[in-house]
Protein chains: 2
Amino acid sequence: MDTEKAIDKAEHNCLEHGVKLTPKRKSVLEILLESKHPQSAYEIADLYQQKLAEKIPAMSVYRMLEFLIEQGLVHKLASTNKFLACSHITCTHSHKTPQFLICDNCQTVNEIGIDSSLIAALEQSISDNHFKLSSPQLELHGLCEACQTN
Amino acid sequence: MDTEKAIDKAEHNCLEHGVKLTPKRKSVLEILLESKHPQSAYEIADLYQQKLAEKIPAMSVYRMLEFLIEQGLVHKLASTNKFLACSHITCTHSHKTPQFLICDNCQTVNEIGIDSSLIAALEQSISDNHFKLSSPQLELHGLCEACQTN
DNA sequence: ACATTGACGTTATATTGTATCAATCTTGTT
DNA sequence: AACAAGATTGATACAATATAACGTCAATGT
Ligand SMILES: [Zn+2]
Ligand SMILES: [Zn+2]
Ligand SMILES: [Zn+2]
Ligand SMILES: [Zn+2]
């Protein structure tokens, strides 16, 4: 993933939506874009301090994450309480409901687009239960290709 | 759900597996069986104290929950950090991978069995990504039937 | 009887997240 | 420039969730 390109896209996106990608927000996004794995809010605060030689309160990190999540630039993994940059920032296609394959061995996450017909079937099955889905973010745990062979 | 029946089944199940459903573990399970909503570990500790007029350390609650989860009697909702009794303790059929419909308004949870062909398709789509699923517990958030009408 | 194991208590600590109020920076308007 | 209004961030405190480390006791099997 090209960090610079993603940042450009993010800035453009924020401009369109009339919100501001401040320097600190941008730094937090950069940190996540450059991270191989999802990071906790406090880990992000540490990385921020390492990268910018400037302390940042955890509270602020949470607020910036909240902003980035609202803009669809970052996702939160509820099952691990960690955050990661959206893999599709630079894509042109509209962002579907995200599905994550989380490797429990090496922590890498693959944000995939599950077949939309499959999601539709899933939603159908759910509406058969008279339930109204808000946003079906799926977090699936297992082993990635590399970790299966070991 | 018939609590007594579920407890009987749980005891039988533990006997079969050569593990012990101690009185405290049983009480924790009872508390969850009688709860309308998922409960956090600390909430369970409070309920335990109310019900049995005896304090119990949160640490112990976590250990008992761990045991009950291992035995498939209790599930943990990763997205809310709460615990609930399995809805299928009294069922004879084998327990499939659990899928939860979580109402974000009233907190009730419906543990459904999603169509197995759908799960198979999901697993296929995932293995196409060279990923090996461990246990695809799905937690889906939205509104239950009652809360949709309000 | 003895060693081993499991269950539970106790205490401390780590991790994750929120509430509140103050300070500062932008922005638009006068 | 001066000001008001709002957004952003800092600072502090605290709540909620979870784990680590170590001790006690009872059950179990030899
Ligand atoms: Zn995404
Ligand atoms: Zn892996
Ligand atoms: Zn279940
Ligand atoms: Zn509801």
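Just so it is clear: chains get the letters A, B, ... in the order the sequence lines come, proteins before strands, and each one is counted from 1.
- Remark on the helix from dA1(C)-dT30(D) to dT30(C)-dA1(D): inter-end axis angle 20°, axes from five-pair C1' superpositions, rounded to 10°.
- In this structure, Leu21(B) atom CG and dA27(D) atom C1' are separated by 17 Å, rounded to whole Å.
- Both Ile112(B) and Phe131(A) sit in one connected hydrophobic cluster of ILVMFWY residues. Membership requires side-chain heavy atoms under 4.5 Å apart, directly or through other members.
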| request: Show your reasoning for whether side-chain contact (heavy atoms from CB on, under 4.5 Å) applies to Ile69(B) and Phe83(B). | output: CA-CA 9 Å; Ile69(B) 290 170; Phe83(B) 303 85; 3.9 Å; yes
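- For His17(B) and His12(B), the gap between ring centers reaches or exceeds 6.0 Å.
- A distance-only check finds a donor-acceptor pair linking the side chain of Glu139(A) to the backbone of Ala78(A) [under 3.5 Å].
- Checked by atom type and distance alone, the side chain of Arg25(A) never pairs as donor or acceptor with a backbone atom of Phe67(A) at under 3.5 Å.
- Note: His95(A) and His75(A) have tilted aromatic rings, judged against thresholds of 30 and 60 degrees for the angle between ring planes.
- When only modelled atom types and interatomic distance are considered, Gln50(A) and Asp46(A) share no side-chain donor-acceptor pair under 3.5 Å.
- Glu123(A) and Ser125(A) form no side-chain donor-acceptor contact under 3.5 Å, judged by distance and modelled atom types alone.
- Side-chain atoms of His141(A) and Ser79(A) include a donor-acceptor pair closer than 3.5 Å.
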| request: Begin from the C-alpha positions of Cys14(B) and Glu11(B) and carry the test side-chain contact (heavy atoms from CB on, under 4.5 Å) through to its verdict. | output: CA-CA 5 Å; Cys14(B) 286; Glu11(B) 268 179 332; 5.9 Å; no
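- The interatomic distance linking Glu43(B) (CD) with dA16(D) (P) rounds to 9 Å, in whole Å.
- Less than 4.0 Å separates DNA chain C from at least one heavy atom of each of the following residues of residues 69-82 of chain A: Lys76(A), Asn81(A), Lys82(A).
- Separating the OH atom of Tyr62(A) from the C1' atom of dA16(D) is a distance of 11 Å, rounded to the nearest angstrom.
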Heteroatom pairs (N/O) under 3.5 angstrom, protein to nucleotides 4-12 of chain C:
{"from": "dA7(C)", "atom 1": "OP1", "to": "Arg25(B)", "atom 2": "NH1", "distance (Å)": "3.0"}
{"from": "dA7(C)", "atom 1": "OP1", "to": "Arg25(B)", "atom 2": "NH2", "distance (Å)": "3.3"}
{"from": "dA7(C)", "atom 1": "O5'", "to": "Arg25(B)", "atom 2": "NH2", "distance (Å)": "3.4"}
{"from": "dC8(C)", "atom 1": "OP1", "to": "Thr22(B)", "atom 2": "OG1", "distance (Å)": "2.7"}
{"from": "dC8(C)", "atom 1": "OP2", "to": "Arg25(B)", "atom 2": "NE", "distance (Å)": "3.4"}
{"from": "dG9(C)", "atom 1": "OP1", "to": "Lys24(B)", "atom 2": "NZ", "distance (Å)": "2.8"}
{"from": "dG9(C)", "atom 1": "OP2", "to": "Ser60(B)", "atom 2": "OG", "distance (Å)": "2.4"}
{"from": "dG9(C)", "atom 1": "N7", "to": "Arg63(B)", "atom 2": "NH2", "distance (Å)": "2.5"}
{"from": "dG9(C)", "atom 1": "O6", "to": "Arg63(B)", "atom 2": "NH1", "distance (Å)": "3.0"}

